[in-house]
Each structure stands twice: as C-alpha cells, then as structure tokens.
J.: 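Below are the structure tokens for one structure; questions will follow.
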Amino acid sequence: MEKNKAAILGASGYTGGELLRFLLMHPHVEASYLTADKHAGRNISDVFPHLGGFLDRRLETLDPDALPEDIDIVFLALPHGESARVVKELHKRNVKIIDLGADFRLSHGVYRDWYGEHPCPELIEEAVYGLPEINRQAIKGAKLIANPGCYPTSAILGLAPLLKEGLIEPDSIIVDSKSGVSGAGRSPSLDHHFCEVNEGVRAYKVGEHRHMPEIEEVLSVYSGTGVNVSFTPHLIPMDRGILSTIYVRLKKKRTTAQLIGLFEEHYGGERFIRISPEKVYPSTSQVRGSNFCDIGMRAATENNTAIIVSVIDNLVKGASGAAVQNMNVMMGFEESAGLEAPPIFP
Ligand SMILES: NC(=O)c1ccc[n+]([C@@H]2O[C@H](COP(=O)([O-])OP(=O)(O)OC[C@H]3O[C@@H](n4cnc5c(N)ncnc54)[C@H](OP(=O)(O)O)[C@@H]3O)[C@@H](O)[C@H]2O)c1
C-alpha cells in the first residue's frame, strides 16, 4: 500500500534529523518533502551523513505555497515565531500539522507575557497540546498539534499522577532539570561551544525559562487546580538527554511503594512510560534514542515529601518521537508505529 506523505519543515536541524530517522522506520508514512534555511539546495545526506544510503532528497527553501498537493502531514521543526507564520498559510489546506516549537503551546495571554505578540493568535484556541499520556482523546480529532517542550514533558509526566490524585501541594513544586546540549538546536552559538560546556555544569534562565509557564499551565488545566513551579534548568556536557528531579510536599503520608503503585496504575498500558522499582532511579543513558520516559521515586514519610526522577531523550520523547506518537494518534495508526526501536546503550 502507498505510504502517507510527510513534509518536514526545518529538516536540517536536530529534531528534523530525528524525525527523518523515525519516519524511515515507519510502516505507513514517509518523509517526502524537506526544507531548510541555510542548508537549502543541499542533499539531506550531505547535511546528515548518518542518513547516507537511506534517503536521497534535496532540501528546499521554505515556501508554504510550494508545498506539494499530496502531502498529508506537516512537521514544523523551526525556530519559534517562524512556525506560526507558516501555520497561518498551511492551515487553509487539508493537511494535519504538528509544530515542534513553542508557538501554540500556551494560551494567548501567557504567550504574550513570555514571548511577546503572537504572529497567528486566531489559531491558538484550535491547537491541541500533544502529550498523549494526558490528553489522547483531544489529539485524535486534532488538525493542529502543539508538540510539548522537552523539559515540560519530563516534568509533566513526573507530576501528573500526583496532581490528578490531589496528593501534593500544588504551589510547592520544585523542578530541577539537567539537559544535554542538543536541546539548544544545531545552529552554532558561543554559549554552546565545546569549551563553554565541556567539564562544567551550569544553571541558566533560573526562574525565568519559558518552559516554566508551560509546565504550570498544562498541569493546572490537567489537574483543575493552580500549579506553581520553581524551575531551574541546567546545561550538562552531554549530547542528549534530560533528567528532572522533582521535589513535592505530600498532603497525606505515603510510602515509596504506595507512590510507585499509584504511578503504575495511572500509566498502566502506556507503552512509553516505564516506572522504576523501589531504590532504583533512572539515568538518561537508559532512554537514549528512544521514546521512553522512565520515572523513579522515593517518599520521605518523616516529613511528608517525595522526590521523583524523570528521564527522557530531549530529541525523542522531548520532541521528534513525541511528534511521531502524536501523528500516529491523529492518523489512527498504532501509537508506537515507527517508535519501537529499543534505546541505544551505552
Ligand atoms: N532540540 C531540542 O531538544 C528540542 C526539543 C523540543 C522542541 N524543540 C523545538 O523544535 C524546534 C526545532 O528545534 P531544533 O533543535 O531542531 O533546531 P535547529 O537544530 O536549530 O534546526 C532549525 C531548523 O529550522 C531551519 N530554520 C531556521 N531558521 C529558519 C527560517 N528563518 N526559515 C526557515 N527555516 C529556518 C534550519 O535550517 P538551516 O539548518 O538550513 O539553517 C533548521 O532546519 C524549535 O522550535 C525548538 O524549540 C527542540
């Protein structure tokens, strides 16, 4: 049977490259139209030598009007702001759209507070936040998906069961996250230069990272209660991976075994969530290259607190793997189609 056709706008970036890798393994969808900015005109296998022999495609200059008629789904792997301008044009056509950037993740007011004027506010309401583990039903009927941010995915999945059960104080949550450098994208910048990052760890945008309002807004809607998060991201000298350590205050005494039981029940049947047993805490190295989110935890009964450790690959469950998972839900494919490869270790 002929495969559905996907366009990747921003195919020469890190998330674009991962989208290509997953679509190469997808039984029902192929990447058939690719765009880039500085790399336009080059072949994708020049830009990504690891894909040599798998894909022979030219990178086109981005022009929404030039999108071929036979495209069924468009992935936008563009810098924020660029996506919204393109979505405005694409939305007139009969295509499904998944934006990996931040343009449609927040409500209008929150977006304006954190990013400024929105280039396409009329479509914000229509966009569905694409985290199947918390809103699969809405994704099924969506035309426009806002793929979640990478830090928010790790934090939201680590907190959702606790908030849903009303088990934690929603205004005393601390999220301490560490990310690999690919989280900043492929374009060179001084802050992400080898010598600036190697052999050191640094916090950045403390209390003012744009993923903080995303975590708060999504969890507030999900749990029906105002959630406040104190969020500190850190840059770690590794290629990929996010580890979030989450500190919460429990409203009722719970043991670690009880918390693990709660998470297992909440995520029972979720293909991409794995809960660690007691006294085992996940490492980014066990999810590398995969769409898994692994979660471990410990409750401290003496002071009614708990610590949750959540790990993902920022480029996979934090971006391109999640986008393919969303596409599968939107288009009625098996949710794990194209995503079944185990993580790479070591
Ligand atoms: N990296 C992550 O871990 C991650 C995780 C979640 C979400 N995201 C989001 O996903 C999006 C893509 O991230 P990324 O890490 O893949 O970025 P990236 O590596 O910097 O790639 C950006 C892509 O967009 C193209 N591009 C840049 N400016 C453009 C313009 N003005 N017009 C048309 N195309 C343009 C680039 O083309 P050239 O290469 O030719 O310049 C490249 O293909 C961003 O919104 C990011 O916030 C990233």
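All figures in this text were calculated on a predicted structure; none of them were measured in a lab. Numbering of residues begins at 1 and proceeds along the displayed sequence. For the numbers below, each heavy atom of this structure counts, side chains included, while hydrogens, waters and symmetry mates do not. Each ligand, and each atom within it, is numbered from 1 in the order the structure gives.
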J.: Which protein heavy atom lies closest to atom 15 (O) of ligand 1, and at what distance to 0.1 Å?
T.: Gly185 CA, 3.2 Å
J.: Please determine if Thr35 has a nitrogen or oxygen closer than 3.5 Å to a nitrogen or oxygen of ligand 1.
T.: no
J.: By number and element, which atoms of ligand 1 are closer than 4.0 Å to a non-hydrogen atom of Ser187?
T.: 20 (O)
J.: Measure the distance from atom 9 (C) of ligand 1 to every protein heavy atom, then report the residue, atom name and distance (to 0.1 Å) of the closest one.
T.: Leu100 O, 3.4 Å
J.: Taking C-beta and beyond as the side chain, do Thr284 and Ile242 meet within less than 4.5 Å on heavy atoms?
T.: no
J.: Might you work through the side chain to side chain contact (heavy atoms under 4.5 Å, CB included) test for Asp72 and Lys96, ending with a clear yes or no?
T.: CA-CA 6 Å; Asp72 302 290; Lys96 296 199 178 287; over 6 Å; no
J.: Counting neighbours of NZ on Lys143 that are heavy atoms of other residues, nucleotides or ligands and sit closer than 6.0 Å, is the number greater than 12?
T.: yes
J.: Out of all atoms in ligand 1, which are within 4.0 Å of some heavy atom of Gly10? Include the element for each.
T.: 23 (C), 24 (O), 43 (O)
J.: So does Glu340 have more than 12 non-hydrogen atoms from other groups sitting under 6.0 Å from CD?
T.: yes
J.: Please report the C-alpha distance between Arg271 and Glu133 in whole Å, then the side-chain angles of each, then the deciding distance to 0.1 Å, and finally whether the salt bridge (Lys or Arg N to Asp or Glu O under 4.0 Å) criterion is met.
T.: CA-CA 10 Å; Arg271 177 69 186 100; Glu133 289 80 4; over 6 Å; no
J.: Show me which atoms of ligand 1 lie under 4.0 Å from any heavy atom of Gly318.
T.: 5 (C), 6 (C)
J.: What protein heavy atom sits nearest atom 21 (O) of ligand 1, and how far away is it?
T.: Gly13 CA, 3.2 Å
J.: About how many Å separate OG1 of Thr225 and CG of Leu219, when rounded to the nearest 0.5 Å?
T.: 10.5 Å
J.: Dump the intermediate steps for side chain to side chain contact (heavy atoms under 4.5 Å, CB included) on Asn43 and Arg57, then the final yes or no.
T.: CA-CA 6 Å; Asn43 192 289; Arg57 289 259 187 293; 5.6 Å; no
J.: What is the distance from atom CD of Glu18 to atom CG of Leu23, rounded to the nearest 0.5 Å?
T.: 11.0 Å
J.: Is Gly149 in contact with ligand 1, taking contact as a heavy-atom separation below 4.0 Å?
T.: no
J.: For ligand 1, which atoms sit closer than 4.0 Å to a heavy atom of Ser12?
T.: 36 (C), 37 (O), 38 (P), 39 (O), 40 (O), 42 (C), 43 (O)
J.: Closer than 4.0 Å to some heavy atom of Ala11 - which atoms of ligand 1 meet that?
T.: 43 (O)
J.: Atoms of ligand 1 less than 4.0 Å from Leu62 heavy atoms?
T.: 33 (C)
J.: For atom 3 (O) of ligand 1, what is the nearest protein heavy atom, given as residue, atom name and distance?
T.: Asn314 ND2, 2.8 Å
J.: Is it the side chain, the backbone, both or neither of His39 that has a heavy atom closer than 4.0 Å to ligand 1?
T.: both
J.: Just heavy atoms, cut-off under 4.0 Å: does Asp37 contact ligand 1 by side chain, backbone, both, or neither?
T.: both
J.: For this output row, return yes or no: ring centroids of Phe48 and His39 closer than 6.0 angstrom.
T.: no
J.: Looking at CG of Asp103 and CG of Leu123, how far apart are the two atoms once the value is rounded to the nearest 0.5 Å?
T.: 11.0 Å
J.: Is the contact between Ser83 and ligand 1 made by the side chain, the backbone, both, or neither, using heavy atoms and a 4.0 Å cut-off?
T.: neither
J.: If you count the atoms of ligand 1 from 1 in the order shown, which ones are under 4.0 Å from a heavy atom of Ser182?
T.: 1 (N), 2 (C), 3 (O)
J.: Below a 4.0 angstrom heavy-atom separation, can you tell me which part of Ala102, side chain or backbone, both or neither, approaches ligand 1?
T.: neither
J.: Is at least one protein non-hydrogen atom found at under 4.0 angstrom from atom 47 (O) of ligand 1?
T.: no
J.: Cation-pi check for Tyr115 against Arg210: NZ or CZ below 6.0 Å from the six-membered ring centre and within 45 degrees of the axis, yes or no?
T.: yes
J.: Looking only at protein heavy atoms, identify the closest one to atom 13 (O) of ligand 1 and say how far it is in Å.
T.: Thr15 OG1, 3.7 Å
J.: Looking at OH of Tyr267 and CZ of Arg274, how far apart are the two atoms once the value is rounded to the nearest 0.5 Å?
T.: 15.0 Å
J.: Among all protein heavy atoms, pick out the one at the shortest distance from atom 22 (C) of ligand 1; state its residue, atom name and that distance to 0.1 Å.
T.: Ala77 O, 3.7 Å
J.: Among all protein heavy atoms in this structure, tell me which lies nearest to atom 45 (O) of ligand 1, with the distance rounded to 0.1 Å.
T.: Leu78 O, 2.6 Å
J.: Using the ring of each side chain (for Trp, its six-membered ring), is Tyr151 parallel, tilted or perpendicular to Tyr204, with breaks at 30° and 60°?
T.: tilted
J.: Test the Lys5-Tyr33 pair against the cation-pi criterion, namely NZ or CZ under 6.0 angstrom from the six-membered ring centroid and within 45° of the ring axis.
T.: no
J.: Checking a contact table here: which protein heavy atom is nearest atom 19 (O) of ligand 1, and how many Å away?
T.: Arg186 N, 2.8 Å
J.: Could you list which atoms of ligand 1 come closer than 4.0 Å to a heavy atom of Ala319?
T.: 5 (C), 6 (C)
J.: Among Pro79, Ser320, Ser189, which one puts a heavy atom closest to atom 28 (N) of ligand 1?
T.: Pro79
